[in-house]
Amino acid sequence: MVSNEELAELLFPEITTTIEDLEKRFPLRQLPEGAQVTRFAPSPTGFLHTGSLFTSMISYLTAKKSGGVYFFRLEDTDTKRTIAGSERDLIDQLAHFGIVADEGFFPEGDKGNYGPYKQSARADIYKAVIKELIKRGRAYPDFCTPEDLDAIRKAQEESKVLPGYYGAYARDRNLSNDERVARIKAGTPWVIRFYSNGDHDRKTKFTDAIRGEIELQDNDTDVVILKSDGLPTYHFAHVVDDHFMRTTMITRGEEWIPSTPIHLDMFRALGWKAPKYAHIPSIMKLDHGNKRKLSKRKDPEAAVSYFLEQGYPTHALLVYLMSIANSNFEEWTIANKSFDLSKFPFSIKKIALEGALFDQDKLNYFSKEIIAKMPLEEEFAQVKAYADAHDEKLSAKIAENPEYVKSILNIEKDRKNPRKDYAKYADIYPLIRFFFDEEYESILAAGLPFKAELSHDLIKAFLNDTKAEMPFGTDESTWFNAIKEIGGKHGYALSNKDYKENPSAYVGSVSDCAELLRVAIVGTNQSPNLHEILEILGKDKTTQRLDKVIASL
Ligand code: GLU
């Protein structure tokens, strides 16, 4: 009779490493009490999902705030879904958000003593553990073909029992080792399955750091742990990697909750202490009154790249995600007049259980605040970097005259309550294009929205006088008094009080008079502070514009 040892040797003759060797190679980390070791473990399948940024931010902060370690592991065992090179994008995008791992996989090479950090480079580690499980009778080769598995599924459907490879349905679970060896020697393809001792009628309990106690049916499925391509499945790789990388808290998406009993079953079989789990809620979206998960196919905001292309400051997106993570955060920002995430006492326990709804208005609110309060030089640098990458027109204008663009960005900025025009850098160019001559030409050509009741003669006369008499280089109130006076000559009230008392005696109020000038110079009846705009344009440009408007009427 073939022994388990002999079977293990036949399956993995090249593996000489033992679990004991691995325990020595990856010693327990020497960290202060309470320090958490967390990780972000994406699959390189194309792009960084907004939910993944949320999860990685939580992992990162959990480690940093506790004086622990945050590492990055690349889960590339699903070779069919892997998109070559996408790991670099993932790492670059996370770095944009300041989420840089202390150790882990980096395109230029691993950093840290617990690697390799790329699962496809860890095959020998998984096999070493599997070899030992086979010796202990806790794993076995399974020779089922896809057709065999289909037949099992059908039989289960007919008997109305749960699908899966378990109990009596686990066809190859109780083959004799002699039979196994015969099949292996005959070249029958195999995978390795875990031999579960679980009982579906019993419960597995575990404490989730966010959700508290969770009770689920025990696992009794003999899941595949090593695929025919020699790589492990997620379930097994998670258990082995997080054990030997000495992770203390698994921060992962809530979609993994139902699989946790499988993982705990394996930790038990291996005699290892399972780490803590914190299952992070998904970010949801309201769709025709129904809540659903943000979807890669339907929602552009499911991809982090969308926010970068729109020019949301990375800090604004993180702040927004923090407001989802901890519901007391917004209050804290107001009380502390701060968006400094490193100061906020983030708590993983306070993460709301029900998935948060993605709320673009809320993001815009935070983003406007953050852009408005950003020091000019920093804003300018960010806007330039954004424009160079995503906004050709704005980039050209900055290249032509950076100081001019900077002065535009500075309008109503250097004050206690700065103006909040931009939620994202993509908003900027459409709002400031009137500052540029050729854009102004096309605005003028499209027709200026003067009030219909104003006669062209009046507009011309007012603008002519403005051209001659409006002062430049003065403070705002001197300028405004001059405008009032010019308006007065053309039938505008000198004060709002005068106008209110007898509106029919005037062409309009003081603000109507300023609006007339605004429409002529800006092309719309809404803009930031007109005096600042005129000072930036300067006397020559303003005169040219007034001449053009007069000639066009
Ligand atoms: N690669 C898994 C995923 O992308 C990681 C889950 C985990 O963090 O354990 O969903």
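Whatever order the structure lists ligands and atoms in, that order sets their numbers, starting from 1. Numbers here are sequence positions counted from 1.
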Tell me which protein heavy atom sits closest to [atom], plus the residue, atom name and distance to 0.1 Å.
| atom | value |
| --- | --- |
| atom 10 (O) of ligand 1 | W256 NE1, 3.4 Å |
| atom 8 (O) of ligand 1 | R39 NH1, 2.8 Å |
| atom 5 (C) of ligand 1 | A41 O, 3.0 Å |
| atom 9 (O) of ligand 1 | Y234 OH, 2.5 Å |

ask   = Is the W272 to F244 ring centre distance short of 6.0 Å?
value = yes
task = Tell me whether the centres of the aromatic rings in H315 and F366 are closer together than 6.0 Å.
result = no
query = In terms of ring plane angle, is the pair F358 and F307 parallel, tilted or perpendicular, where the classes change at 30° and 60°?
reply = tilted
task = Would you please classify the geometry between the F344 ring and the W332 ring as parallel, tilted or perpendicular, with 30° and 60° separating the classes?
result = perpendicular
inquiry  = With a heavy-atom distance limit of 4.0 Å, tell me whether H238 approaches ligand 1 through its side chain, its backbone, both, or neither.
reply    = neither
query = Going by the atom numbers of ligand 1, which of them fall below 4.0 Å from some non-hydrogen atom of E75?
reply = 1 (N), 2 (C), 5 (C)
task = Would you mind listing which atoms of ligand 1 come within a distance below 4.0 Å of any non-hydrogen atom of R252?
result = 7 (C), 8 (O), 9 (O)
task = Kindly write out the residues that satisfy salt bridge (Lys or Arg N to Asp or Glu O under 4.0 Å) with D150, not counting sequence neighbours, or none if the list is empty.
result = R153
P42: partners by side chain to side chain contact (heavy atoms under 4.5 Å, CB included), with sequence neighbours left out = F40, F72, L90
inquiry  = Side chain or backbone, does S43 bring an N or O within less than 3.5 Å of an N or O on ligand 1?
reply    = yes
